Amino acid sequence: MSPHSTGRRRVHRSVAAGVPLAVLAALVLAGPAAADTASGRAHVTRTATLGDLPLGAFSNGLLPGTVDDDRGVDLGGIGSDIYPTGRRGEFWTITDRGPNGQIKIDGKKRRTFPVPGFDPAIVRIRVSGDTVTVLDAIPVTTSSGMPVTGLSNQEGRDEAPYSYDARTPLAYNPNGLDTEGIVRAADGSFWLVDEYGPSLVHVSARGKVLTRYVPEGLNLTGADYPVVEALPSVLLHRKINRGFEGLAQLPGGDLVLAVQSPLSLPDTDAGEGSLTTRLLRFSPRKKAVTAEYAYRFDPVDVVDPGEDDTSELKISSVVAVGGDRLLVEERTDNAARLQVVRLTRGANILGGRWDDDTTSPSLEQLADPAASGVPVLAKRLVVDLGKVEGVPGKIEGVARVDHDTLALINDNDFGMTDGAGAFDAQGRLVDSGIETTVTYVRLPRGI
């Protein structure tokens, strides 16, 4: 991306609101290709880059009039997840809630939404050579066809939303979704996961929210779509901005939802220091959670030798790889490792003492859950992406291309950075220079 503090390429200003996405896609520019390396170990076989596409033109092409000022931000953030369409080189991706950052005011961090009119979107892309092309996009909308937006839902539970400079409060929106994982069902509808609730969201093929499944006791009111309290209430203890992030679809149609980080149970300190998070199995047929599993992170300095803060560990992607086997991504912002686990009946902890938030010590507080009788999922390392040359940081989406090839997509945060320097004196983005890339990695021994 070009630094917006010095102005955009002139071609961008010729794009009018409402232009069809087929035309917008023509603006996508080629990025550098990655060279193949020696066989015998995991290596990058292709790197493709998404070029500059003004966020206002993209958004208004889907829902006219939603963005009046994109503040020089380009389309990005589509790397929240990646899912094969069934056509070679084509994938479904999902944006997160949109450009956002943090700025300290009077010593306290405030969450900023520089483009509050942005609406999360399902984006279909094609990887061809060293270029990522936008083929189509579907806005996520309410029952009445309005944008859900990415704004915080509930005062007192979610971060208060502010303008780009953190000076002006914005209104909460119970419809808002911080979308992350995506899969497509056999009937053409989509399933998404969200960090706010956390929630599982069923969306029609045209992007309309059909049902949002949330934890029991969330008491989310005022949403313009059906909200069903069908998830365990213990999820109310999710860490802020660390709700559901990974989503997989098993061969039989069941879904697996990954809580990004350990729950803050009984308090923030317990969650920050814990290595145990949770996976849930959801049956779309029963519309209910049918199993819950304890997943144990490796120590943070094993995942990322340059990191010593355990709270930086996250699960950002889960991928079904046959039967009840699942590929799980453990990561920090700078490194990632992929593990394979099997979801066995004997590992199910749903409805037991670990779902009771009065249990002491909590699951998250146990230094060795297995020693306390918790059936922690056994795992096997498939690949350490931190040791694969050419893999970018902050990988949030993983897809299986074939038996021995994975497609990885990074989250470039729309070119945003934290702090008052994220925007110039005119309120235009000072771009981070980080691109959205799709990286193919070959695993010589497969999964």
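This structure is a prediction, so every number in the text was calculated from the model and none was measured.
A pairwise comparison of heavy atoms in Leu218 and Gly197 identifies CD1-O, 3.9 Å as the closest pair. Across Gly397 and Asp81, no two heavy atoms sit closer than the pair CA-OD1, 3.7 Å.
Using a cut-off of 4.0 Å between Lys/Arg side-chain N and Asp/Glu carboxylate O, Asp384 and Arg337 are scored as salt-bridged. Taking the charged nitrogens against the carboxylate oxygens, Asp413 and Lys394 do have a contact shorter than 4.0 Å, which makes a salt bridge. In this structure, Arg88 does not pair ionically with Asp402, as no charged nitrogen and carboxylate oxygen lie closer than 4.0 Å. At a threshold of 4.0 Å, the pair Asp355-Arg278 counts as salt-bridged, since one of the basic side-chain nitrogens sits closer than that to a carboxylate oxygen. Salt-bridge annotation for Arg331 and Glu396: present, with a side-chain N of the basic residue lying under 4.0 Å from a carboxylate O of the acidic one. A salt bridge links Arg124 with Glu90: at least one charged nitrogen is closer than 4.0 Å to a carboxylate oxygen. Taking 4.0 Å as the cut-off between side-chain N and carboxylate O, Asp194 and Arg97 do not count as a salt-bridged pair.
Side-chain contact of Tyr83 with Arg184: a donor-acceptor pair under 3.5 Å is absent, judged by distance alone. Looking only at atom types and distance, the side chain of Glu245 has a donor-acceptor partner in the side chain of Ser316 under 3.5 Å away. Side-chain contact annotation: Glu159 with Asn241, donor-acceptor N/O pair under 3.5 Å present. Residues Ser199 and Arg212 bring a donor and an acceptor atom of their side chains to less than 3.5 Å of each other.
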Residue pair Asp158, Ile240: steps toward the side chain to side chain contact (heavy atoms under 4.5 Å, CB included) verdict: CA-CA 7 Å; Asp158 301 315; Ile240 289 178; over 6 Å; no
Would Val340 and Val328 count as a side chain to side chain contact (heavy atoms under 4.5 Å, CB included) if you check the C-alpha gap in whole Å, the side-chain angles of each, and the deciding distance to 0.1 Å? CA-CA 6 Å; Val340 67; Val328 180; over 6 Å; no
Checking side-chain hydrogen bond (donor to acceptor under 3.5 Å, both in side chains) for the pair Thr142/Asp224: CA distance, chi angles, key distance, verdict? CA-CA 6 Å; Thr142 69; Asp224 183 26; 2.7 Å; yes
What's the verdict on side chain to side chain contact (heavy atoms under 4.5 Å, CB included) for Val203 and Leu210, showing C-alpha distance, side-chain angles and the deciding distance? CA-CA 5 Å; Val203 176; Leu210 301 174; 5.9 Å; no
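Partners of Thr149 by side chain to side chain donor-acceptor pair (under 3.5 Å), not counting sequence neighbours, listed by chain and number: Asn173. Partners of Ser163 by side chain to side chain donor-acceptor pair (under 3.5 Å), not counting sequence neighbours, listed by chain and number: Asp165. Every residue was checked against the ring pair (Phe, Tyr, Trp, His ring centres under 6.0 Å) condition with Phe113, not counting sequence neighbours, and none meets it. With sequence neighbours excluded, the residues that form a side chain to side chain donor-acceptor pair (under 3.5 Å) with Asp357 are His237. The side-chain contact (heavy atoms from CB on, under 4.5 Å) test applied to Thr276 returns Ser274, Ala294, Arg296, Leu363, Pro369, not counting sequence neighbours. Among residues two or more places apart in sequence or in another chain, the side chain to side chain donor-acceptor pair (under 3.5 Å) test is passed with Ser204 by none. The side-chain contact (heavy atoms from CB on, under 4.5 Å) test applied to Pro299 returns Asp301, Val302, not counting sequence neighbours. In this view, Phe190 and Trp92 satisfy the ring pair (Phe, Tyr, Trp, His ring centres under 6.0 Å) rule, not counting sequence neighbours. Every salt bridge (Lys or Arg N to Asp or Glu O under 4.0 Å) that Glu272 has, sequence neighbours left out, goes to Lys239. Every residue two or more places apart in sequence or in another chain was checked for a ring pair (Phe, Tyr, Trp, His ring centres under 6.0 Å) with Trp354, and none qualifies. Applying the side-chain contact (heavy atoms from CB on, under 4.5 Å) test to Ala347 and every residue at least two apart in sequence or in another chain returns Tyr293, Thr344, Pro375, Leu377. For Phe423, the ring pair (Phe, Tyr, Trp, His ring centres under 6.0 Å) partners are Tyr164, not counting sequence neighbours.
The neighbour count for Glu155 CD, taken as heavy atoms of other residues, nucleotides or ligands under 6.0 Å away, does not exceed 12. Counting non-hydrogen atoms of other residues, nucleotides and ligands closer than 6.0 Å to CG of Asp187 gives a total above 12. Applying the 6.0 Å contact sphere to CZ of Arg111 captures more than 12 heavy atoms from other residues, nucleotides or ligands.
A donor-acceptor contact shorter than 3.5 Å links the side chain of Thr179 to the backbone of Thr95. Using modelled atom types, no side-chain atom of Asp254 and backbone atom of Leu250 make a donor-acceptor pair closer than 3.5 Å. Listed for the Gln339 side chain is no donor-acceptor partner under 3.5 Å among the backbone atoms of Asp298. Here the side chain of Ser59 pairs no donor or acceptor atom with the backbone of Gly56 at under 3.5 angstrom. Between the side chain of Arg157 and the backbone N or O of Leu236 there is at least one donor-acceptor pair closer than 3.5 Å. Distance alone, capped at 3.5 Å, places no donor-acceptor pair between the Thr268 side chain and the Ser264 backbone.
Of the candidates Val318, Leu326, Thr277, Val376, Thr277 is the only one forming a side-chain contact (heavy atoms from CB on, under 4.5 Å) with Tyr295. Exactly one residue among Val391, Val438, Ile434 makes a side-chain contact (heavy atoms from CB on, under 4.5 Å) with Asn410. That residue is Ile434. Partner Lys314 forms a salt bridge (charged side-chain N to carboxylate O under 4.0 Å, His left out) with one of Asp309, Asp411, Asp333, Asp304 and no other, that one being Asp333.
The closest side-chain heavy-atom distance from Val132 to Thr436 is not below 4.5 Å.
To the nearest 0.5 angstrom, Ser317 atom OG is 9.0 Å from Leu408 atom CG. Residue Ile395 holds its CD1 atom at 11.5 Å from CG of Asn334, rounded to the nearest 0.5 Å. In this structure, Trp191 CH2 and Leu200 CG are separated by 5.0 Å, a value rounded to the nearest 0.5 Å. Atoms CZ and CD1, from Arg110 and Ile103 in turn, are 10.0 Å apart once rounded to the nearest 0.5 Å.
Using cut-offs of 30° and 60° on the angle between ring planes, the pair Tyr213 and Phe282 is tilted.
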